[in-house]
Trainee: 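Below you will find the structure I want to go over with you.
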Amino acid sequence: MTPTMHTFDGVDLHALAARLPTPFYAYSANAIRQRIAGLQSAFQGLDHRICYAVKANSNIAILQLMAQHGVGADIVSLGELHRSLAAGIPAGNIVFSGVGKTAEEIGAALAVGVWRFNVESVDELQLLQRVAQLQGVCARAAARINPDVDAGTHEKISTGRSENKFGVSIDEARRWFAQAGSMSHVLLDGLHAHIGSQILSLVPFREALGRVEAFRQELVAAGHVVSSVDIGGGLGVCYRHGHDQPIPATEYAALVREVFADFQGTLVLEPGRYLVAEAGVLLTRVIRVKPGVDRSFLVVDAAMNDLLRPSLYEAWHEIVPLHLDPREVARYDVVGPVCETGDTFARDRAMVRCEAGDLLSIGGAGAYGMSMASTYNSRPLVAEVLLDDGRHAVIRRRQTMAEMMAGEQLPQVWNEA
Ligand code: LLP
């Protein structure tokens with residue numbers, strides 16, 4: 001049956017694209033709410049906090065949605081701290097992760113009172129002590145463990161192997177706890193592990209979390225207090241229908257309940273993609289169809305600077321033509337206008353025949369889409385729209401040319417270094 005309309009969160013996408021120039025991102029508020037509620041109910045009864053990984057989609061309207069549902073933030077920069085606070089996420093519900101925290105960032109985070117720091121190196125631990133001492137405050141810290149587990153995901157988004165830059169070995173963390181008493185301004189009372197992203201199997205989670213829990217029990221037996229365990233993010237989503245099989249939140253929660261059955265403290269979750277990826281689409285129009293030697297190119301007005309995942313990770317995103325008249329199937333390379341061969345959204349993809357001006361929806365674009373966008377090829381950042389029960393609100397307007405060049409200037413004064 002031919003659909004009469006393509007709606008997303010009750011909004012007719014054709015009507016929307018008639019009002020707003022493509023390309024733009026559209027996010028379903030209800031889809032995000034459903035994900036939050038699903039995760040919350042799966043973990044009901046467990047002492048837990050969900051701290052959304054802001055990097056997945058850092059628009060302040062998305063962060064406000066998180067805040068409205070009691071979700072905190074997992075941040076990795078001062079910029080993400082500013083956004084989270086601006087969106088109404090309380091500092092006391094923010095965890096600060098990342099291998100490269102600077103003294104400035106630590107100072108700013110301590111000044112507003114973030115909940116805890118996920119510490120990734122001994123140098124950072126010592127810096128945290130120095131900055132906290134200077135400010136006369138006590139910093140709460142968790143040791144990020146690198147459990148040396150293969151998450152079975154794309155190598156560029158795998159973080160839990162010993163050769164990755166993240167976290168420290170259990171041996172090193174053991175030494176940190178043994179010496180923690182000597183730090184006057186750091187309370188090291190947590191553990192953290194994040195092994196990678198877009199994980200579709202419980203096996204690596206079981207292995208990694210099992211190692212973390214065994215270590216926690218060892219620490220407790222040695223007389224240390226561990227009041228929180230941050231189990232990271234990484235829950236995968238369905239990018240390709242009939243292919244990707246995400247772990248249901250209930251099964252993930254059941255594993256966590258089983259592994260941490262003896263743990264009495266707070267479990268922290270840092271989901272990013274799981275909460276927002278499938279709630280977002282990138283709407284784009286066909287500029288032209290260009291015949292090639294083997295197959296035709298569908299040249300669309302979105303490009304790798306707007307959605308980098310296919311270029312960077314060979315990631316699959318569903319591409320759905322939204323025209324309503326029935327047409328035969330064709331095969332295309334779907335490409336953007338950027339001057340790079342890697343500016344390709346799909347290769348040899350079967351889809352119904354398209355013509356110039358047709359509207360396409362690129363799925364799974366709610367996470368690591370806009371947050372990884374750039375102005376490469378001097379293409380202004382695109383707009384973002386939030387959809388909610390048939391209504392829409394622009395939550396980022398398209399950047400103007402002047403805004404794109406803001407901050408740049410011709411040399412006026414030449415200074416000696
Ligand atoms: N916690 C930490 C410490 C992280 O580094 C990350 C993601 C997360 C949580 C959230 O992971 P998630 O639940 O979203 O899998 N740009 C890549 C993904 C990079 C993920 C980086 N860290 C992509 O587009 O696939």
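What's counted below: heavy atoms across the whole structure, side chains too, no hydrogens, waters or symmetry copies. Order of listing sets the numbers, starting from 1, for every ligand and every atom in it.
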Trainee: Should the pair Arg397-Glu403 be classified as a salt bridge under the 4.0 Å nitrogen-to-oxygen rule?
Mentor: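 Yes, Arg397 and Glu403 are salt-bridged.
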Trainee: Below 4.0 angstrom from a heavy atom of Gly233, which ligand 1 atoms are there? Numbered from 1 as shown, please.
Mentor: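 Within the 4.0 Å cut-off of Gly233, ligand 1 contributes 9 (C), 13 (O).
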Trainee: Got the closest protein heavy atom to atom 15 (O) of ligand 1, with its distance?
Mentor: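 Nearest neighbour among protein heavy atoms for atom 15 (O) of ligand 1, to 0.1 Å: Ser197 OG, 2.3 Å.
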Trainee: Does the ring of Tyr239 carry Arg309 above it, NZ/CZ under 6.0 angstrom from centre and within 45° of its axis?
Mentor: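 Flagged: Arg309 positioned over aromatic ring of Tyr239.
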Trainee: Are Arg285 and Asp301 within salt-bridge range, i.e. N to O under 4.0 Å?
Mentor: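 Here Arg285 does not pair with Asp301 in a salt bridge, since their nearest N and O are not under 4.0 Å apart.
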Trainee: Show which atoms of ligand 1 fall inside a sub-4.0 Å distance from at least one heavy-atom site of Pro271.
Mentor: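 The atoms of ligand 1 under 4.0 Å from a heavy atom of Pro271 are 13 (O).
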Trainee: Purely on distance, is any nitrogen or oxygen of Tyr368 under 3.5 Å from one on ligand 1?
Mentor: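 In this structure, Tyr368 places an N or O atom under 3.5 Å from an N or O of ligand 1.
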Trainee: List every atom of ligand 1 that sits less than 4.0 Å from any heavy atom of Arg273, numbering the atoms from 1 in the order shown and giving each element.
Mentor: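 Near Arg273, meaning under 4.0 Å from one of its heavy atoms, ligand 1 has 12 (P), 13 (O), 14 (O), 18 (C), 23 (C), 25 (O).
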Trainee: Mind checking whether Leu235 and Arg273 have side chains closer than 4.5 Å, heavy atoms only?
Mentor: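 Answer no - side chains too far apart.
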Trainee: In terms of side-chain heavy atoms, does Gln44 have a donor or acceptor partner in Gln40 at a distance below 3.5 Å?
Mentor: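 Short answer, no.
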Trainee: Which bit of Asp74 gets closer than 4.0 Å to ligand 1, counting heavy atoms only: side chain, backbone, both or neither?
Mentor: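 It is the side chain that touches ligand 1; the backbone stays farther off.
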Trainee: Go through ligand 1 atom by atom and flag the ones less than 4.0 Å from a non-hydrogen atom of Ala53.
Mentor: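 Checking each atom against Ala53, I get 8 (C), 9 (C), 10 (C).
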Trainee: For Ser374 and Asn305, test the side chains for any donor-to-acceptor distance below 3.5 angstrom and give the result as yes or no.
Mentor: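 Side chains of Ser374 and Asn305: no pair found under 3.5 Å.
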Trainee: If you count the atoms of ligand 1 from 1 in the order shown, which ones are under 4.0 Å from a heavy atom of Glu270?
Mentor: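 So the answer, numbered in order with elements, is 1 (N), 2 (C), 3 (C), 8 (C), 9 (C), 10 (C), 13 (O).
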Trainee: Are Glu355 and Arg353 ion-paired here, with the side-chain N under 4.0 Å from a carboxylate O?
Mentor: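 Looking at Glu355 and Arg353, the cut-off is met.
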Trainee: Tell me which protein heavy atom sits closest to atom 11 (O) of ligand 1, plus the residue, atom name and distance to 0.1 Å.
Mentor: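 Of the protein heavy atoms, His194 CE1, 3.4 Å lies nearest.
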Trainee: Specify the protein heavy atom at minimum distance from atom 17 (C) of ligand 1: its residue, its atom name, and the distance to 0.1 Å.
Mentor: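 I find the closest protein heavy atom is Tyr313 OH, 3.0 Å.
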Trainee: Which protein heavy atom lies closest to atom 19 (C) of ligand 1, and at what distance to 0.1 Å?
Mentor: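 It is Ile157 CG2, 3.8 Å.
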Trainee: Check for me whether Ala56 has a heavy atom closer than 4.0 Å to any atom of ligand 1.
Mentor: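 Judged by the 4.0 Å heavy-atom criterion, Ala56 does not count as contacting ligand 1.
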Trainee: Please write down residue, atom name and distance for the protein heavy atom closest to atom 4 (C) of ligand 1.
Mentor: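 Looking only at protein heavy atoms, the one closest to atom 4 (C) of ligand 1 is Lys55 NZ, 3.2 Å.
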Trainee: Less than 6.0 Å separating the ring centroids of Phe166 and His194?
Mentor: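 Distance test on ring centres: not under 6.0 Å, no.
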Trainee: Considering distance alone, does some N or O of Gly234 sit under 3.5 Å from an N or O of ligand 1?
Mentor: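 By distance alone, the answer is yes.
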Trainee: Keeping Arg35 on the side-chain end and Tyr274 on the backbone end, is there a donor-acceptor pair under 3.5 Å?
Mentor: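 Looks like yes, one N/O pair under 3.5 Å.
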Trainee: Any nitrogen or oxygen of His192 lying under 3.5 Å from a nitrogen or oxygen in ligand 1? Just yes or no.
Mentor: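 By distance alone, the answer is no.
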Trainee: Quick one: which ligand 1 atoms are inside 4.0 Å of a heavy atom on Arg144?
Mentor: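 Checking each atom against Arg144, I get 3 (C).
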Trainee: With a 4.0 Å cut-off, would you call Asp230 and Arg116 a salt bridge?
Mentor: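 Here Asp230 does not pair with Arg116 in a salt bridge, since their nearest N and O are not under 4.0 Å apart.
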Trainee: Are Tyr252 and Phe205 close enough that their ring centres sit under 6.0 Å apart?
Mentor: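 Distance test on ring centres: under 6.0 Å, yes.
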Trainee: Tell me, which protein residue and heavy-atom name are nearest atom 24 (O) of ligand 1, and how many Å apart are they?
Mentor: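 For this ligand atom, the closest protein heavy atom is Arg309 NE, 2.6 Å.
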Trainee: Report yes if Gly272 has an N/O atom closer than 3.5 Å to an N/O atom of ligand 1; otherwise report no.
Mentor: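 For ligand 1, there is an N or O atom that lies under 3.5 Å from one belonging to Gly272.
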